[in-house]
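Let me begin by presenting the structure, written as structure tokens, before commenting on it.
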Amino acid sequence: MPTALFNAMAAIGGAAIKAGQTIFAGRLRPALLLHYNIRVCLKQHNNNALTAPLERYSMIKKHGLTKFFTLYFGFVLASNFVHPVTPAFLQLIQCPSSMFGFAFAAMALAQFLTSSLWGKLGDKFGYIRCIGFCYFGYGVSAIVFSAATGWPLVLVARFLAGMFIAGVTVNSMAYLTALAAPAEERNKLLVIYASMASIGGAFGFLIGGLIGDISIFYSFYTQAASLFICGGLMLFLVREHSHFEQGAAPLKLKDVNPFASLAASAKMLNVTVSIFLVSVFFAFFAATGFDQNFNYYMRVKLNFAPSSSGMFKAVVGIVSLFANLTISMWVVRKANISKAMAMALLLCGGGITCMVMAGTTTGLMGAALCYYALMAIVMPLQQSVMLKNDSGSTKGAVAGLFNATRAAGMVVGPTFAGLVFDINPDYAFLTFAFAMALSAAVTYINYLQLKKSGIY
């Protein structure tokens with residue numbers, strides 16, 4: 001890595017860590033509103049009701065969740081060990097460049113197809129059992145991935161990984177939301193959960209990159225071993241809630257068929273919601289495609305070692321967390337959310353364009369870091385706008401369609417990036433910049449519709 005880039009990243013990382021320490025040492029605001037109802041959270045977490053870290057730990061201990069959160073953090077760390085070495089591994093086994101896109105698309109598709117199934121399995125057999133089983137399953141998928149010598153086994157391994165990630169996500173959230181505790185405390189626990197996912201992901205990427213510098217395969221083996229340990233400890237040390245009752249009703253295909261629920265939800269669509277979903281598709285098509293294209297670009301075009309990629313992604317994670325703790329929460333409380341999101345999306349497109357036009361590696365990486373910080377702001381705002389598009393009579397249909405549309409973008413974006421990379425990766429970057437601009441324009445149209453209907 002160029003010395004100038006290293007110094008720049010070190011300075012940014014140091015500043016972000018210092019700022020993060022200031023926040024965590026004082027009063028931690030709700031962050032990363034990815035998996036819970038932002039409307040409820042905002043009512044319960046305002047400037048006059050911020051909770052200190054010590055009180056949060058006391059709440060975790062009160063509900064006996066110390067082991068659960070410790071093992072979940074270990075899972076998040078380990079699940080990111082392989083990401084920084086994946087581009088180098090695909091090069092090693094001589095996969096075509098398009099495979100990095102297809103591999104991620106396989107993961108996203110598996111998550112979409114199996115989320116409903118894991119929800120039903122958790123209700124029937126127990127959330128902790130499913131979580132522990134999925135930790136083991138993800139470890140097995142890492143071993144399968146490391147054994148790949150060509151693209152067929154790569155796709156199988158990534159599909160398996162996506163399937164078990166879905167199981168962990170669905171059942172972890174169900175375990176926390178089923179806690180016999182006041183809604184306010186459950187929401188605080190969800191904030192901790194989301195924050196752990198962000199921090200653990202960033203540092204897991206860094207650790208995996210450092211291990212990968214020694215040997216690519218060590219990252220795979222370390223990941224598998226860590227997940228096996230976490231899975232075993234989860235099954236033996238963590239118990240279901242005392243009030244949990246396993247379901248006795250047999251599973252039916254219609255209960256776990258994602259397409260059946262989507263078809264039912266689609267009947268409730270109106271023009272306003274449809275416009276919003278178009279903006280969601282363009283945003284996730286661009287965001288996920290950019291991320292996969294950029295990861296491969298760092299390896300193939302910039303010749304970054306896994307540790308260099310890991311270091312950059314760690315800085316991205318810290319900066320993104322800081323952006324959520326400050327800018328996102330300020331926007332949600334003080335500004336027009338739809339207009340702010342449209343502006344952020346437009347700036348994301350501008351950041352990608354600046355990255356393509358940058359004449360130096362330092363400039364390119366700086367523009368990429370700005371893009372990631374802006375995109376971190378967009379994600380929670382998008383969920384808030386989703387709630388504004390829910391009239392209240394749709395009973396969760398908008399949320400289901402939102403997740404399905406997001407999954408579609410996560411499949412199409414990386415696939416497109418993989419197909420275009422060998423021609424010229426800049427073509428993919430510029431396409432994603434244009435998609436961000438389109439998403440911004442459609443978001444603004446959606447804002448005008450909501451304003452006309454009296455939402456704003």
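Quick caveat: nothing in here was measured; it's all calculated off a predicted structure. Residues: numbered from 1 along the sequence shown. Reckoned from all heavy atoms, side chains included, excluding hydrogens, waters and symmetry mates.
- Using a 4.5 Å heavy-atom threshold, the side chains of Ile128 and Phe68 count as touching.
- Residues Leu77 and Ile207 meet the side-chain proximity criterion, which asks for heavy atoms closer than 4.5 Å.
- The aromatic ring centres of Phe89 and Phe145 sit less than 6.0 Å apart.
- Using a 30° and 60° split on the angle between ring planes, Phe164 and Trp118 fall in the tilted class, from 30° to 60°.
- When all heavy atoms are compared, the tightest approach of Pro87 to Arg299 is CB-CB, 3.6 Å.
- To the nearest 0.5 Å, atom OH of residue Tyr72 and atom OG of residue Ser172 are 6.0 Å apart.
- Taking the side chain as every heavy atom from C-beta outward, Gln382 and Val280 approach each other to under 4.5 Å.
- You'll find the side chain of Tyr296 stays beyond 4.5 Å of the side chain of Thr86, heavy atoms only.
- A donor-acceptor contact shorter than 3.5 Å is absent between the side chain of Trp330 and the backbone of Ala335.
- Of all non-hydrogen atoms in Ile211 and Ser219, the two that sit nearest each other are CG2-N, 3.7 Å.
- Between Leu374 and Cys348, the closest heavy-atom pair is CB-SG, 3.6 Å.
- Here the shortest heavy-atom pairing between Phe205 and Ser309 reads CE2-O, 3.8 Å.
- When side chains are defined from C-beta on, Phe69 counts as touching Leu176, because their heavy atoms get closer than 4.5 Å.
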- Query: Passes side chain to side chain contact (heavy atoms under 4.5 Å, CB included), Leu430 versus Val356? Steps please.
  - Reply: CA-CA 8 Å; Leu430 292 174; Val356 174; 4.2 Å; yes
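- Rounding to the nearest 0.5 Å gives a distance of 8.5 Å between CE of Met365 and OG of Ser308.
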- Would you check, one step at a time, whether the test side chain to side chain contact (heavy atoms under 4.5 Å, CB included) holds for Phe294 with Phe312? CA-CA 12 Å; Phe294 184 69; Phe312 177 75; 3.4 Å; yes
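- Asp426 has no carboxylate O lying under 4.0 Å from a charged side-chain N of Lys301, or vice versa, which leaves the two without a salt bridge.
- Around atom CZ of Phe136, more than 12 heavy atoms belonging to other residues, nucleotides or ligands sit under 6.0 Å away.
- Of the inter-residue distances, the one linking Thr443 atom OG1 with Met343 atom CE reads 12.0 Å to the nearest 0.5 angstrom.
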- Residues Tyr444, Tyr447; criterion ring-ring contact (aromatic ring centres under 6.0 Å, His included); working and verdict: CA-CA 5 Å; Tyr444 190 77; Tyr447 156 70; 5.5 Å; yes
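- Here the side chains of Asp422 and Ser98 are not in contact, with every heavy-atom distance at 4.5 Å or above.
- Atom OG1 of Thr222 and atom CZ of Phe81 lie 7.0 Å apart (nearest 0.5 Å).
- Counting all heavy atoms, side chain and backbone alike, Val76 lies closest to Gly200 at CG1-C, 3.5 Å.
- The 12-atom threshold is exceeded at CE of Met99, counting heavy atoms of other residues, nucleotides or ligands nearer than 6.0 Å.
- Leu153 has its side chain out of reach of Thr149: every pair of non-hydrogen atoms, C-beta onward, lies at least 4.5 Å apart.
- Side-chain N or O atoms of Thr360 include one that pairs as donor or acceptor with a backbone N or O of Gly363 at under 3.5 Å.
- Within the 3.5 Å criterion, the main-chain N or O of Ser439 finds no donor-acceptor partner in the side chain of Ser279.
- With a 4.5 Å cut-off on side-chain heavy atoms, Leu155 and Phe102 count as touching.
- Across Tyr371, Phe285, Phe432, a single residue satisfies ring pair (Phe, Tyr, Trp, His ring centres under 6.0 Å) together with Phe290, and that is Tyr371.
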- Message: Leu160 vs Val140, test: side chain to side chain contact (heavy atoms under 4.5 Å, CB included). Steps then yes/no.
- Response: CA-CA 9 Å; Leu160 288 173; Val140 171; 5.7 Å; no
- Message: Does Phe421 form a side chain to side chain contact (heavy atoms under 4.5 Å, CB included) with Val300? I'd like the steps, not just the answer.
- Response: CA-CA 10 Å; Phe421 192 91; Val300 176; 4.1 Å; yes
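- Of all heavy-atom pairs spanning Pro306 and Val85, the tightest one is CB-CG1, 3.8 Å.
- For the atom pair Met196 CE and Thr70 OG1, the distance stands at 6.5 Å (nearest 0.5 Å).
- No donor-acceptor pair under 3.5 Å is formed between the side chain of Asn293 and the backbone N or O of Gly289.
- Distance alone, capped at 3.5 Å, is enough to place a donor-acceptor pair between the Asn295 side chain and the Asp291 backbone.
- The closest donor-acceptor contact from the side chain of Ser146 to the backbone of Ile143 lies under 3.5 Å.
- Distance check: Phe100 CZ to Thr415 OG1 gives 9.5 Å after rounding to the nearest 0.5 Å.
- Remark: the backbone N or O of Thr272 is paired with a side-chain donor or acceptor of Asn446 at under 3.5 angstrom.
- Counting non-hydrogen atoms of other residues, nucleotides and ligands closer than 6.0 Å to OH of Tyr218 gives a total of 12 or fewer.
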